[in-house]
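Written out below as structure tokens is the structure these notes cover.
The residues of the chain are indexed from 1 along the displayed sequence.
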Amino acid sequence: MATAGPRSFSAAEVRARCAQGACLVSCRRRLYDLSGFVRLHPGGEQLLRRRAGTDVSAALDGPPHRHSENARRWLEQYYVGDIEPGDEQSLSETVDEKEVSAAAQTPEHTDLCYRTVPVERDLVDWQKPLLWQVGYLGEKYDDWVSYTSLAQGNTRLFSSFTTEYSIPVHKYYFPFIFLLGMVLWSLLEYLIHRFVFHMKPPASNYYLITLHFLLHGQHHKSPFDSSRLVFPPVPASLVIGFFYGVLRLLLPEVLGLCVFVGGLCGYVIYDMMHYYLHYGSPKKGTYLYGLKAYHVKHHFEHQKSGFGISTRFWDYPFRTLIPEETFKKED
């Protein structure tokens with residue numbers, strides 16, 4: 001939480017904080033805490049570390065590099081207070097060890113007192129997604145986007161209802177959320193297999209026919225071609241990335257990640273099972289034996305049903321279950 005106003009720091013206190021690992025610099029009596037910026041410094045972390053506890057006014061003006069107005073505005077967001085009167089020159093001098101030890105007892109935390117952009121007067125509303133606002137800036141856009149702004153937090157591009165509304169989830173629920181991701185994948189597996197892989201492309205559309213053959217037609221044409229049983233890694237990663245993005249938009253980060261990992265695990269299991277159903281020899285009477293027989297029927301006899309691969313579950317509610325064979329008893 002920001003303080004009511006800027007506070008004053010003695011030279012000894014600045015040196016003590018720097019000795020504890022902080023990176024504080026001054027510029028014409030104004031003090032800045034750059035501890036959170038050192039790794040981002042374009043000139044390198046070590047260069048900034050060497051300036052810790054000193055006045056950087058001359059360094060900002062160069063040589064070897066004169067810092068731009070944008071860089072100086074960026075610096076202002078790390079402003080924490082002022083150097084006590086009379087201590088300006090002390091920052092370049094050796095401080096008495098007793099003073100340093102006494103100052104080291106003060107809290108390490110400093111409050112940032114300044115933000116580079118007064119968001120309430122900016123041309124966009126930073127509390128809302130930016131992507132749909134910037135197009136209205138028109139001729140002001142070029143100047144606006146060139147003006148370096150907020151460093152804290154993430155730039156919010158898209159809207160997500162979970163940004164404003166989130167539900168606390170106990171850590172013990174996450175295994176069940178992981179399993180939910182696997183269940184959702186099994187549904188997605190069924191829907192993709194039925195409505196994408198088994199779509200009927202228009203007879204007059206060369207491109208859709210080609211796409212269908214590329215996605216799934218080749219597998220049905222040559223079901224025992226071992227090189228065509230698993231989705232290639234590159235297109236698979238694009239599809240996986242798409243669903244990851246959807247989950248990030250719809251769910252809070254950790255919750256969405258847990259569902260995603262569960263779904264990804266389900267996908268890997270599906271791919272391995274599909275390969276095994278074509279080339280494995282499961283023991284008669286086992287679950288995999290039944291699935292193998294079921295999937296073989298889908299390939300050779302019932303191509304308009306039996307879309308479940310890792311499970312037949314979704315064929316029941318969607319009424320695409322392959323019927324059991326019945327035989328008349330001989331007299």
Side-chain angles (χ1 to χ4, degrees), residues 1-3 6-83 87-88 90-92 94-95 100 103-119 122 124 126-127 129-131 144-158 160 163 241 244-245 248 252-254 256-257 260:
M1 182 179 294
T3 56
R7 56 162 293 194
S8 296
F9 294 81
S10 67
E13 185 178 355
V14 171
R15 287 292 180 81
R17 289 174 182 268
C18 290
Q20 294 168 349
C23 184
L24 279 75
V25 299
S26 68
C27 180
R28 299 178 181 87
R29 282 200 60 212
R30 292 173 68 81
L31 186 68
Y32 304 92
D33 186 350
L34 302 181
S35 304
F37 177 69
V38 287
R39 293 184 181 276
L40 304 176
H41 184 234
E45 179 178 353
Q46 293 305 316
L47 177 62
L48 203 53
R49 288 286 184 190
R50 287 197 296 268
R51 305 281 188 183
T54 67
D55 188 297
V56 297
S57 304
L60 289 177
D61 293 329
H65 170 66
R66 186 181 184 281
H67 290 68
S68 66
E69 290 302 315
N70 254 345
R72 293 165 192 264
R73 282 194 296 265
W74 189 277
L75 175 66
E76 287 301 320
Q77 69 194 307
Y78 299 103
Y79 170 65
V80 292
D82 298 318
I83 301 297
D87 273 8
E88 301 96 323
S90 301
L91 286 181
S92 58
T94 304
V95 180
V100 173
Q105 304 304 315
T106 59
E108 295 183 30
H109 175 73
T110 53
D111 292 312
L112 301 181
C113 306
Y114 189 90
R115 302 182 79 185
T116 55
V117 170
V119 293
D122 200 12
V124 297
W126 286 83
Q127 303 304 314
L130 297 183
L131 193 61
W144 176 84
V145 79
S146 300
Y147 187 103
T148 307
S149 56
L150 298 175
Q152 282 81 30
N154 296 318
T155 303
R156 185 180 168 199
L157 296 181
F158 302 100
S160 170
T163 303
Y244 175 74
R248 283 296 306 271
E253 182 176 4
V254 176
L257 184 61
F260 172 76

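- Proximity of a side-chain donor or acceptor of R49 to a complementary backbone N or O of G21 within less than 3.5 Å is detected.
- Qualifying salt bridge (charged side-chain N to carboxylate O under 4.0 Å, His left out) partners for R72, counting only residues two or more places apart in sequence or in other chains: D61.
- Applying the side chain to side chain contact (heavy atoms under 4.5 Å, CB included) rule to C27 yields the partners Y32, V56, S57, L60; only residues at least two apart in sequence or on another chain are considered.
- Remark: R7 qualifies as a cation-pi partner of F9 under the 6.0 Å distance and 45° angle criteria applied to the six-membered ring.
- Here the side chains of D55 and V25 are not in contact, with every heavy-atom distance at 4.5 Å or above.
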Check step by step if side chain to side chain contact (heavy atoms under 4.5 Å, CB included) holds for L48 and F37. CA-CA 9 Å; L48 203 53; F37 177 69; 4.0 Å; yes

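- Below 30°, between 30° and 60°, or above 60°: for Y244 and F260 the angle between ring planes is above 60°, a perpendicular geometry.
- The side-chain heavy atoms of L31 and D82, taken from C-beta on, include no pair separated by under 4.5 Å.
- With contacts defined as side-chain heavy-atom distances shorter than 4.5 Å, the pair V14/I83 qualifies.
- Residues C18 and G53 come closest through the heavy atom pair SG-N, 3.5 Å.
- Atom-to-atom distance recorded for D33:CG and Q77:CD is 12.0 Å, nearest 0.5 angstrom.
- Annotation: the span from R17 atom CZ to C23 atom SG amounts to 13.5 Å, rounded to 0.5 Å.
- With sequence neighbours excluded, the residues that form a side chain to side chain contact (heavy atoms under 4.5 Å, CB included) with S68 are N70, A71.
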